[in-house]
Amino acid sequence: METATVKELFARSDNYLNKKIQISGWVKTVRSSKTFGFIELNDGTFFSNLQIVYDEKLANFQEIARLITGSAIIATGELVESPGAKQPFELKAERIDIAGHSEPDYPLQKKRHTFEYLRTIAHLRPRTNTFAAVFRVRSVAAYAIHKFFQERDFVHVQTPIITGSDAEGAGEMFRVTTLDFDRLPRDDKKEVDFSKDFFGKETNLTVSGQLEAESYCLAFKNVYTFGPTFRAENSNTPRHAAEFWMIEPEIAFAGLQENMNLAEDMLKYTIGYVLKHCPEEMRFFNNFVDKSLLGRLENLVESKFGHITYSEAIEILKKSGEQFEYPVAWGHDLQTEHERYITEKHFGKPVFVTDYPKEFKAFYMRMNDDGRTVAAMDLLVPGVGEIIGGSQREERYDYLEKRLDELGLNKKDYWWYLDLRKYGGAPHAGFGLGFERLLMYLTGMTNIRDVISFPRTPKNAEF
RNA sequence: UCCUCGAUAGCUCAACGGUAGAGCAACCGGCUGUUAACCGGUAGGUUGUAGGUUCGAAUCCUACUCGGGGAGCCA
């Protein structure tokens, strides 16, 4: 007798038909009659369930008929063709052992639950159809991203989670400390004395691996990071989490154009890979989450992304005839409503917007020849908004130094970052891709809390 | 953080100033091919929390907590 998984049964049913097999998994539902019944079993390996038929010949027939959803069982029997229309085959049980009982108050039902409720039982929601699909896609997408970069000889750099630099410039940070809050050490000025802290200085959770990635980029040429990122911003939106995963490639001897080509290739590769390797999951999303999903994704893999400059975007918005809440004028940053118009209505596909005024972009972005814009690029996609933010980096020592001065930043904090420009600073570029935002785009799920296993958001760190 | 909407049985919802209900889940029973199984029955509630108005509050008012949507910040 062979043990099998549901995935194997569906992949190679000929090998198993009319043979005795053993299969183990969790009960999704039981339908019982007087002398026989059916169990829907999911073993976690495949999106579809296996139907098990059992009858009163089983010694524990009564017990099986009363199984509660969620119970773990091990079933043995022959795999036979099913007379029912909804499944090609089923297991005719000769024996069913109960590995773990469930309880009458099992919170998951056969009927549909709201995503809001399922977030309150995040430890059980991967057992639902939707979340089983989301997290298999998440796993496959992560693999596809590594595969994409590895096949192109990029080096995967694992940058630190704890950073001693408070100068990453990407927002509020979470403090990391071992100090006793009830008895904080103070210095002469009565301020907290961080020299007594674990690292002898202030430390925080990283908000970006970019600065460190640049260091490795200027040694390995092409690198990428893929790791957790932490932002202590009080953001309450369906697109923000305090802990999320980010992919940050960095390429040397390359500029903004190569950077955008890389981003486009990577997205198309990843989406194509998921479409090919998660057909059941993607069909499910298309049927139950977003009816236009597959058409949109398949179209995206074929089409060229749009390209416009910030200045062109302003012109498009001015000529659009739309009534916007925020004014459209050169020198004003693009608001969400503007971004949505450009990617959803004007282009109807992903669009790179480049060359923003330096005033609302980070210090490290490369100054353009016009002296007022920088070589930045944002990728906007319909439904999700900004999915990628990147730039060519300022590789000229004196320009970077000048920019730090203009913004009132302390050059001492950036000594090693400046060093990278001092010792063979080559043109280089990179971007950050929010992994969860990619998953939202891939699955049609509209809340970031539903594409990360145990979401951390303001006032919520349960589990 | 701001604006806005919401919170009623385990879940999804109804009742909108006058005795809190239904479907599903659970429990008991019936049913020889079901598949969101079906049929009959039982049980299940200080209506998010704390105040207030009223003869009377799930319903009106205030504050708070939590959640949804929108905005800002951004990935």
Side-chain angles (χ1 to χ4, degrees), chain A residues 28-41 48-56 65-66 68-70 80 82-87 90 92 102-121 124 128-129 169-172 207-210 225-248 263 288 325-326 333-337 339-340 360-362 378-381 384-390 431-441 446-452 457-460 462:
Chain A
K28 291 220 115 178
T29 178
V30 179
R31 295 181 289 271
S32 60
S33 293
K34 189 179 184 181
T35 57
F36 69 96
F38 303 92
I39 294 173
E40 291 278 334
L41 189 82
S48 301
N49 301 319
L50 175 67
Q51 174 161 287
I52 298 172
V53 192
Y54 63 92
D55 61 30
E56 58 188 342
R66 285 177 197 182
I68 288 170
T69 306
V80 298
S82 175
K86 295 209 173 178
Q87 59 281 319
E90 62 193 20
K92 184 139 180 37
S102 185
E103 291 288 324
D105 61 355
Y106 187 64
L108 290 173
Q109 296 176 24
K110 284 173 268 190
K111 278 195 152 183
R112 199 182 168 283
H113 290 291
T114 61
F115 291 144
E116 290 82 11
Y117 170 67
L118 291 171
R119 276 173 219 147
T120 68
I121 49 167
L124 297 173
T128 64
N129 287 338
E172 294 297 308
V207 293
S208 166
Q210 181 199 314
T225 74
F226 189 167
T229 309
F230 308 88
R231 305 261 169 102
E233 241 102 46
N234 190 15
S235 295
N236 294 287
T237 83
R239 303 186 304 283
H240 291 84
E243 177 183 283
F244 63 98
W245 287 63
M246 190 153 65
I247 296 112
E248 295 179 290
F288 295 103
E325 191 182 336
Y326 289 88
D333 205 352
L334 298 180
Q335 303 295 317
T336 298
E337 59 174 347
E339 295 181 343
R340 289 183 75 106
F360 34 82
K361 287 293 176 185
D378 286 354
L379 180 66
L380 311 177
V381 298
V384 179
E386 185 179 339
I387 198 171
I388 281 176
F431 62 83
L433 166 72
F435 187 47
E436 284 76 16
R437 291 193 179 169
L438 171 61
L439 289 170
M440 290 167 72
Y441 189 65
T446 54
N447 195 310
I448 197 169
R449 297 169 182 85
D450 298 327
V451 296
I452 188 164
T457 50
K459 299 281 184 288
N460 188 358
E462 190 65 54

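Every chain is numbered from 1 and lettered A, B, ... according to where its sequence line falls, protein lines coming before strand lines.
When each of I388(A) and E40(A) is assigned the nucleotide of RNA chain B bearing its nearest heavy atom, the one mapping closer to the 5' terminus is E40(A).
Spacing between atom CZ of R31(A) and atom P of G30(B) amounts to 20 Å, rounded to whole angstrom units. Put simply, CD1 on I247(A) is 10 Å from C1' on A75(B), counting in whole angstrom units. Protein atom CD of E248(A) is 13 Å distant from nucleotide atom C1' of C74(B), rounded to whole Å. Atom CZ in R231(A) sits about 14 Å away from atom P in C73(B), given to the nearest Å. Remark: C1' of A26(B) and CG of L108(A) are 15 Å apart, rounded to the nearest angstrom. Protein atom CZ of F38(A) is 13 Å distant from nucleotide atom C1' of C38(B), rounded to whole Å. With rounding to whole Å, F360(A) atom CZ is found 14 Å from C74(B) atom C1'.
Within the 4.0 angstrom heavy-atom criterion, only backbone atoms of the sugar-phosphate kind lie near T114(A); the bases stay farther away. Within 4.0 Å of F36(A), counting heavy atoms only, lie sugar-phosphate atoms of the nucleic acid but no base atom. If you check every strand for non-hydrogen atoms under 4.0 Å, S82(A) touches a base. Across all strands, D105(A) comes closer than 4.0 Å to no nucleic acid atom at all (heavy-atom distances). Among the protein residues, H240(A) comes within range of the nucleic acid bases, having at least one heavy atom under 4.0 Å from a base atom. No contact: F115(A) has no heavy atom under 4.0 Å from any strand.
In this structure, the nucleotide among A75(B), A36(B), U34(B) sitting nearest to the side chain of E90(A) is U34(B). Of all nucleotides listed (C27(B), U12(B), A71(B)), C27(B) comes nearest to the side chain of P104(A). Among the nucleotides C27(B), A71(B), C74(B), the one closest to any side-chain atom of I68(A) is C27(B). In the set G72(B), C28(B), C13(B), G72(B) carries the atom at the smallest distance from any side-chain atom of S235(A). Minimum atom distance to the side chain of R437(A) is reached by C74(B), of the listed C74(B), G10(B), G33(B). Of the listed nucleotides (A36(B), U34(B), G72(B)), U34(B) has the atom at the smallest distance from the side chain of Q51(A). The side chain of Q87(A) has U34(B) as its nearest neighbour among U34(B), C13(B), U32(B).
Residue pairs meeting the salt bridge (charged side-chain N to carboxylate O under 4.0 Å, His left out) criterion with at least one member in residues 106-120 of chain A, sequence neighbours excluded, are R119(A)-D450(A).
At a threshold of 4.5 Å between non-hydrogen side-chain atoms, the residues T128(A) and Q109(A) do not count as touching. In this structure the side chain of T229(A) reaches within 4.5 angstrom of the side chain of R231(A), judged on heavy atoms. Residues N49(A) and L41(A) fail the side-chain proximity criterion, which asks for heavy atoms closer than 4.5 Å. Here the side chains of V30(A) and I39(A) are in contact, with some heavy-atom distance below 4.5 Å. The shortest side-chain heavy-atom distance between E337(A) and Y326(A) falls under the 4.5 Å cut-off. Using a 4.5 Å heavy-atom cutoff, the side chains of N236(A) and K459(A) are not in contact. Considering only heavy atoms from C-beta on, S32(A) comes within 4.5 Å of Y54(A) through its side chain. Annotation: side chain of E90(A) is in contact with side chain of V80(A) (closest heavy-atom distance under 4.5 Å).
Atom name C1', nucleotides C64(B) and C24(B): the rounded distance is 34 Å, in whole Å. The same atom, C1', is picked in U32(B) and in C39(B); the two are 16 Å apart, to the nearest Å. Rounded to a whole angstrom, the distance from the P atom of U59(B) to that of C27(B) is 34 Å. One C1' atom belongs to G17(B), the other to C13(B), and the distance between them is 22 Å to the nearest Å. Straight-line distance between the C1' atoms of U8(B) and U49(B): roughly 15 Å, to the nearest whole Å. Taking atom C1' on both A20(B) and U47(B), the two are 8 Å apart, rounded to the nearest angstrom. If you take atom P in A63(B) and the same atom in G6(B), they sit 15 Å apart, rounded to whole Å. Distance noted for atom P between G21(B) and U42(B): 14 Å (whole Å).
For F435(A) and F226(A), the distance between ring centers is under 6.0 angstrom.
Pairs of Watson-Crick or G-U wobble type, with distances under 3.5 Å, assemble into runs of 3 or more in RNA chain B at these ranges: B:1-7 with B:65-71, B:10-13 with B:21-24, B:26-30 with B:38-42, B:48-52 with B:60-64.
Close to A75(B), at under 4.0 Å from its OP1 or OP2, lies no side-chain N or O of T229(A).
A stacking contact links F244(A) to A75(B): the aromatic ring centre lies within less than 5.5 Å of the base's six-membered ring centre, and the planes differ by less than 30°.
Ring orientation note: the planes of F36(A) and F38(A) are nearly perpendicular, at an angle over 60° on the 30°/60° scale.
Applying the side chain to side chain donor-acceptor pair (under 3.5 Å) rule to E436(A) yields the partners R138(A); only residues at least two apart in sequence or on another chain are considered. In this view, Q335(A) satisfies the side chain to side chain donor-acceptor pair (under 3.5 Å) rule with no residue, not counting sequence neighbours.
Salt bridge present: K361(A) and D378(A) bring a charged side-chain N and a carboxylate O closer than 4.0 Å.
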Would you tabulate the pairs of protein nitrogen or oxygen atoms and nucleotide nitrogen or oxygen atoms of nucleotides 65-70 of chain B closer than 3.5 angstrom?
{"unit_1": "G68(B)", "atom_1": "OP1", "unit_2": "R119(A)", "atom_2": "NH1", "d": "2.6"}

Identify the pairs formed between an N or O of the protein and an N or O of nucleotides 22-24 of chain B at a distance under 3.5 Å, and give each distance.
{"unit_1": "C24(B)", "atom_1": "O2", "unit_2": "Q109(A)", "atom_2": "OE1", "d": "3.4"}

